[in-house]
Amino acid sequence: YGRYIKNNDGSYSFDWSGSTVQGGFNGTEIAVVLSSRSVSGASSDYMAYSIDGGAYKKFQLSQGIKKRTYTLETGLSDGYHTITLSKCTEGAYSTIVTFYGFDYLSGEPAKAPARPSRSIEFIGDSITAGSGSESTGAGNFKLAEENFLKTYAYYTANELNASFSCVAVSGAGVYQNTEGNRDIAI
């Protein structure tokens, strides 16, 4: 789900909060091949994954590496599983992530889950992007405390059984940003 750029090598690049990839596989383990490059001076970025619709597990991406394989799970029961991978952070303050595919390790690819028949797009600012959604304090949130998977947008899409796209930038408004600048509005 979300907005992607298909690259010449068959990979997909994305930076919007909540950009999501789903797949299916047969086996006991799964990995993903990603790269991440900063466009905002960010030194890290965060993704999260869910196996078989279970709780999401957040992980940090490495910067400056062309491609890296991240082993997500091992020791699963042998059989069919689903994987959902989502970007937790907003691109304006983090990185552009490139998805090269899943690595099924000792397993094999299988049919991905069916895409929902409904689709919804969210346009907004920090509350939509998830800025500070994992913070225990107030103000000056860190990138590690941002998680789209804990926003009203994510919960709404799930309740409606809809795929989603999120176009959100902290501090941006439809008419002007938080500082009154009309050149940086969405």
Legend entry - Cluster companions of Ile5 among Ile, Leu, Val, Met, Phe, Trp, Tyr (side-chain spacing under 4.5 Å):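 Members other than Ile5 - counting any ILVMFWY side chain reachable under 4.5 Å - there are none.
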Legend entry - Leu105: hydrophobic cluster co-members (side-chain, 4.5 Å):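 Direct or chained contacts put Leu105 with none.
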Legend entry - Check: Ser106/Glu29 side-chain N/O donor and acceptor closer than 3.5 Å: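 The answer is yes; a qualifying pair exists.
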Inset, instruction - Please check if any side-chain donor atom of Thr128 sits under 3.5 Å from a side-chain acceptor atom of Tyr152, or the reverse. - result: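 Yes, Tyr152 and Thr128 have a side-chain donor paired with an acceptor closer than 3.5 Å.
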Inset, instruction - Specify whether Phe164 and Phe148 have parallel, tilted or perpendicular ring planes, treating 30° as the upper limit for parallel and 60° as the lower limit for perpendicular. - result: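 If you compare the ring of Phe164 with that of Phe148, the planes turn out tilted.
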Inset, instruction - Could you tell me how the ring of Tyr70 sits relative to the ring of Phe59: parallel (under 30°), tilted (30 to 60°) or perpendicular (over 60°)? - result: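 Taking Phe59 first and then Tyr70, their aromatic rings sit tilted (interplane angle of 30° to 60°).
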Give me the atom names and distance for the closest heavy-atom approach of [X] to [Y].
X      : Y      : result
Trp16  : Cys166 : CB-O, 3.3 Å
Ser36  : Ser62  : CB-O, 3.9 Å
Phe102 : Val21  : CE1-CG1, 3.9 Å

Inset, instruction - State whether the side chain of Glu146 and the backbone N or O of Glu90 hold a donor-acceptor pair below 3.5 Å, judged by distance alone. - result: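 Yes, because the side chain of Glu146 sits within donor-acceptor range (under 3.5 Å) of the backbone of Glu90.
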Inset, instruction - Examine Leu149 and Val32 and state if one hydrophobic cluster contains both, with Ile, Leu, Val, Met, Phe, Trp and Tyr joined whenever side-chain heavy atoms are less than 4.5 Å apart. - result: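 Per the 4.5 Å side-chain linkage, Leu149 and Val32 are not co-clustered.
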Legend entry - Side chain proximity check, Tyr104 to Pro109, heavy atoms < 4.5 angstrom: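 A side-chain contact under 4.5 Å exists here.
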